[in-house]
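Every chain is numbered from 1 and lettered A, B, ... according to where its sequence line falls, protein lines coming before strand lines.
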Amino acid sequence: MFKRSAPSPAPEASGLYGVMAEFADADTLLAAASRTRDAGYTRIEAYTPIPIHGLDEAVGFRGTRLPWLIFAGGMTGASFMFGFQTWVNTVAYPMNIGGRPEFSWPAFIPVTFEGMVLLAAFCAVFGLFAACGLPRLHHPVFNAPRFDRASVDLFFLCVEAADPKFDEAATTRFLEGLGAQAVSRVDN
Amino acid sequence: MQSSPIDKPAVVETTDAFLGPKQTLASVTAKIGDIVLTPLRKTPFGWPIGFVVAAIGLLVYLYSLVVLFTVGVGIWGINIPVAWGFDIINFVWWIGIGHAGTLISAILLLFRQDWRTSINRAAEAMTIFAVACAGIYPLIHTGRPWLDYWLLPYPGTLGMWPQFRSPLEWDVFAVSTYATVSVLFWFVGLVPDLASLRDRATNIWVKRFYGLLSLGWRGGARDWNRYEMASLILAGLSTPLVLSVHSIISFDFAVSQLPGWHVTVFPPYFVAGAVYCGFAMVINLLVPIRRWYGLHSLITMKHFDLMGQVMLASGLVVAYGYVSEMFYAWYSANIYEYFMIVNRTAGPYAWSYWALIIFNIVIPQLLWFKRFRTNIPILFLISICINIGMWFERWVIVVLSLHRDFLPSSWGSYTPSVWDWTTYISSFGLFFFLFFLFVRLLPMISMFEVRDLVHKMSGKHGAAPTGPSHGGEA
């Protein structure tokens, strides 16, 4: 999950981060992303105001492993809380209540469940932020013109300079041929 | 299209869709985002008035707590045998209200109900603030609230550990987990919207404020993939969580042997009651806000219609609970159970039981009719009745069961004191203080989810309203 996270900006001598193409709608972007990938580019990322199904695959993302982290967190939380309650009520502070068994495991289930949910939720949220590389105060893509509308109504596709096939002039021409309404250079 | 939220809305009521006509990605973002980004002096008049009233309520609340902490729980009307009074009634009532928010945000997400989109953010905020109000009562009812940390398991010099076989200890974990997970889920939902606010803000400090809160969200395709996965799993975790929380709260009663509490139907009946009054509170909050901010195209009549249907369904489950309590009392052939019902329906507090039946069962039957579900004033009044009715339900369960149990020699009565009333009424001050701050500082409708809805609907109708030419500031 962490290894496959969004390509980090490779520091280039030229200070060039990549080339950003701007699209008016989601369908054009989706088609453009697929064609960019088919053309052999690998370091590409799309930026959109809404989640678009299929776009993650179009930019070459094979899916997140976040669910496994959350599963592991949930299991850890559950086993820890169950073991902890057992230890508390049998070893650390056993109490005889009407002769009921000290290891009365059904009574431990509610807190075990809460422990599972709590740790799984922490893993989901902080795992998500870690996988996305957040928080981060600045990112080169924010230098792209009109990128402030990537969170409103415009759709962007960025080919990064770190891509082995990247060539500023050729890549710009290629993106312009995909229906982009503007293509611009993005500096670090 | 830079529509200011203070413009008098041209009210076009939509009854058959979740969005008004002619919405675009830019227009919904502007509509919702500008509520927050509008300068304070241009906010609708209802906001400052409501905020000041809520702040005064909060001061009364703080004063009540100071008196409680300095004098003690003796200022309340509680005594033996009614040792649980307003404190526990209000705790259960508030936390029940909170559950509707989780239901809307999590359960309806799992069922892919698009109509949750416009109301889930405000409902989740309501959850968090209601849980905050709820959580205070069990902490202050302990009598020595400065020792509340004893509830937590920690290795201390006392060498003592909590008793994990008690539902009261389960409560500590259920409510704290619920509050934590609700806040996390809410914040995750807010991140893309905070990024939109960051990008739309013109004032540099406002931009920095939302920029920091948005953590640097860029909306990359990979990020959206992880984001949707995490949201789905969080919804999957929250769904059993919300059911567990009110089930555990019902165990506080059901695990005891008191007639009126020792009932196996309690967990589902408590959860249904929670959803019931939670939806009523959502309606009570959304009706004025929708009017003040002119959100008629985002929160449509269809939303109110569906919320009315949910209330009707959960209200019928609650009614089933009341009937089954009667049935148990008769079928058990147990004189104490039987007397409990006689005492409820004809005892000294019978008025409160019949008030419960009228507010909770009789009046809400109006919701069978679409005419009433889509009539805002009537729906608003029904919702208030349901909130009152659900409060009476907890009153009936707590007070009427405790005041006359097994031995007539240990019977007693309960009259709430002035301080019971102030700590209850002014807890609305805390709730609305937080809610008004939320309305002013954070987008009260999920912008990216509404954009997603606009996008989906545009696909259905073959139009292309996602183009930039349709609005927003260029």
- [ ] Under 4.5 Å heavy-atom distance to chain A, tell me which part of B/Glu449 shows up: side chain, backbone, both or neither.
- [x] neither

Task: Largest heavy-atom contact set with chain A, pairs under 4.5 Å, which of B/Gly219, B/Gly33, B/Pro162, B/Pro192 - done: B/Gly219

Task: Donor-acceptor pair between B/Asn225 and A/Thr64 side chains, under 3.5 angstrom - done: no

Task: Side-chain donor or acceptor of A/Glu45 paired with backbone N/O of B/Ala221 under 3.5 Å - done: yes

TODO: Check the angle between the aromatic planes of B/His455 and A/Phe155 and answer parallel, tilted or perpendicular using the 30° and 60° thresholds.
DONE: tilted

Task: Side-chain heavy-atom pair A/Asn89, B/Arg165 within 4.5 angstrom cut-off - done: yes

Open item on the list: Using only atom types and a distance under 3.5 Å, with no angle test, would you say the side chain of B/Arg451 pairs donor to acceptor with the backbone of A/Pro49?
Closed with: yes

Task: Per-residue contact mode, B/Met160 against chain A (heavy atom under 4.5 angstrom) - done: both

TODO: Please look at B/Thr180 and chain A and tell me whether the side chain, the backbone, both or neither of the residue comes under 4.5 angstrom of a heavy atom of that chain.
DONE: side chain

Task: Whether over 12 other heavy atoms sit under 6.0 Å from A/Trp68 CH2 - done: no

Open item on the list: What part of A/His138 gets within 4.5 angstrom of chain B, counting heavy atoms only: side chain, backbone, both, or neither?
Closed with: neither

- [ ] Below 4.5 Å from any heavy atom of chain A, which atoms of B/Leu234 appear? Answer side chain, backbone, both or neither.
- [x] side chain

- [ ] Report yes if the side chains of A/Pro51 and B/Tyr227 come closer than 4.5 Å at any heavy-atom pair, otherwise no.
- [x] no

Task: Side-chain heavy atoms of B/Trp224 within contact of A/Leu55, under 4.5 Å - done: no

Task: Atom group of B/Ile233 that falls short of 4.5 Å from chain A, counting heavy atoms - done: side chain

Task: Close side-chain approach of A/Asp153 and B/Thr29, heavy atoms under 4.5 Å - done: no

Open item on the list: Counting C-beta onward and ignoring hydrogens, is there a side-chain heavy-atom pair between A/His53 and B/Glu228 closer than 4.5 Å?
Closed with: yes

Open item on the list: So for B/Pro155, is it side chain, backbone, both, or neither that comes closer than 4.5 Å to the heavy atoms of chain A?
Closed with: neither

